There are 2 protein chains.
Amino acid sequence: MNDPKRSGCPINLTLEVVGDKWSLLVIRDIIFGNRRHFRELLTHSEERISSNILADRLKTLLEAGILTRADDPTHKQKGVYSLTEQGIELLPVIAQMAAWGVKYLPVTEELGIRAQLLRDGGPKMWAEMMDELREIHLGIKRRKTGPTVGERLQRAYQEVVARRGRGDARARISD
Amino acid sequence: MNDPKRSGCPINLTLEVVGDKWSLLVIRDIIFGNRRHFRELLTHSEERISSNILADRLKTLLEAGILTRADDPTHKQKGVYSLTEQGIELLPVIAQMAAWGVKYLPVTEELGIRAQLLRDGGPKMWAEMMDELREIHLGIKRRKTGPTVGERLQRAYQEVVARRGRGDARARISD
DNA sequence: GGCAACCAGTTGCAAATCGCAATCGGTCTG
DNA sequence: CAGACCGATTGCGATTTGCAACTGGTTGCC
């Protein structure tokens, strides 16, 4: 939006786009939670983003070319947000941040399991997941068959929830 | 400082620590510019950080365990900031962000060259540079000898500056 | 010893951003 | 046609940002 770039440094420019507390969380929910509508992003957000901020971030991410928006044929008012290639390639950034967080910060077990698997899988697993995202968001069919990285992460998450969740209400928050 | 964590997600927790426009730039200058004093960080900053914000971010990074501060024996008032292991391990995060930025944003040639080399070098080069940072900041002697990654990046940067800089004042900003 | 330059911050203040709650106009469902 | 659902927008107080000036101290130099 407002252009006065502070410098032409790649790190600075990246921070000017996604260097805030919410943008990457929105992208995280799209990537790992497959949230595609405004309402999904709003109400299933672990961190309770408020609607004006979500609206603002979606607009910024659209302008930055990280997301695209299409009309949902099933509902005239509903929009479907998709990642662009540029957005999909934020996965390694997010994975790297998650790996650092899970190592040094007080991450809960159920929310950390995905980060650990993704770290252990390394760049190869990231690339595989990016191919899956290209299929979901760009319609580019992937080569590999069988269970996806996304499914494997989700299953691992749910196993932790089930194991820890006996009688524990906290564990039933997410789908 | 203020604790009310929004969630125990590794990505969220990482963003709560370094998810702003300045923290990672300070760390970048420490890593790639070897700035160790307040004044160095303040005056050699490409993006012209102001002193109150720098002071605040240094305090936050100290509290987060990413930096440590020691007195400089050569000057009673001078402090020396060093990276902790935790801070050094932010290098892959920064490298990944730089790689993304250099691919998708209007990065200047001289400021992009390091990011490109670091991307081409891959995780192996990052690990090597992290060993160099452990030597500089933690006093842990590294095994490998010969020119360091830091030196190679710096040399490449200066070559671009020299090549592009014929009569161009912009090129003589940094050391 | 005195003075200018340097050091790490701090303070005051205006502007911008954040975050909550309420609300809006339109759309779909029963 | 009523009520739930949809993607936002608005109002407003609290917080954060960014600039400029300043503080209290240290050091080098003549």
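Each chain gets a letter, A, B and so on, in the order its sequence line appears, and its residues count up from 1. If you're wondering where the values come from, they're calculated on a predicted model, not measured in any experiment.
The side chain of A/S50 lies closest to C/dG19 when the candidates are C/dG19, D/dG18, D/dA8.
Close to C/dC28, at under 4.0 Å from its OP1 or OP2, lies no side-chain N or O of A/R39. Remark: B/W22 is in phosphate contact with D/dG18, judged by side-chain N or O atoms under 4.0 Å from OP1 or OP2.
Figure legend: B/R69 and B/Y81 shown as a cation-pi pair, the cationic atom lying under 6.0 angstrom from the six-membered ring centre and within 45 degrees of its axis. Under a cutoff of 6.0 Å and an axis angle of 45°, A/R119 and A/W100 do not form a cation-pi pair.
For the residue pair A/E46 and B/S7, the shortest heavy atom distance occurs at CG-CB, 3.5 Å. When all heavy atoms of B/L15 and A/K21 are compared, the closest pair comes out as O-NZ, 3.4 Å.
Separating the CG atom of B/L58 from the C1' atom of C/dC7 is a distance of 14 Å, rounded to the nearest angstrom. The separation between A/R6 atom CZ and D/dT17 atom P is 11 Å, rounded to whole Å. Taking atom NE2 of A/H37 as the reference point, atom P of C/dT27 lies 17 Å away to the nearest angstrom. Rounded to a whole Å, the CG atom of B/L25 is 13 Å from the P atom of D/dT17. Going from atom CD of B/E40 over to atom P of C/dG9 covers 13 Å, rounded to whole Å. For the pair B/K21 NZ and D/dT17 P, the interatomic distance rounds to 10 Å; values are reported in whole Å. A straight line from CG of B/L54 to P of C/dT10 spans 11 Å, rounded to a whole angstrom. In this structure, CZ of B/R57 is placed 11 Å from C1' of D/dG18, rounded to the nearest angstrom.
Looking at A/V18, A/I11, A/V17 one by one, the single match for side chain to side chain contact (heavy atoms under 4.5 Å, CB included) with A/T14 turns out to be A/V18.
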Give me, pair by pair, the N or O atoms of the protein and of nucleotides 9-11 of chain D that are less than 3.5 Å apart, along with how far apart they are.
residue	atom	partner	partner atom	Å
D/dT9	O4	A/S51	OG	2.6

Legend entry - Audit row: A/R6, A/L13, side chain to side chain contact (heavy atoms under 4.5 Å, CB included) steps and yes/no: CA-CA 8 Å; A/R6 297 183 300 185; A/L13 290 170; over 6 Å; no
Inset, instruction - Evaluate the criterion side chain to side chain contact (heavy atoms under 4.5 Å, CB included) for residue pair B/L118 and B/L153; output intermediate values, then yes/no. - result: CA-CA 8 Å; B/L118 215 50; B/L153 294 180; 4.0 Å; yes
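Salt bridge annotation for A/R152-A/E128: present, with a cationic side-chain nitrogen under 4.0 angstrom from a carboxylate oxygen.
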Legend entry - Summary of protein contacts for nucleotides 23-28 of chain D, nucleotide by nucleotide, where a base hit scores B, a sugar-phosphate-only hit scores S (4.0 Å, heavy atoms): -BBSS-
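Side chains of B/E16 and B/N12: a donor on one and an acceptor on the other come within 3.5 Å.
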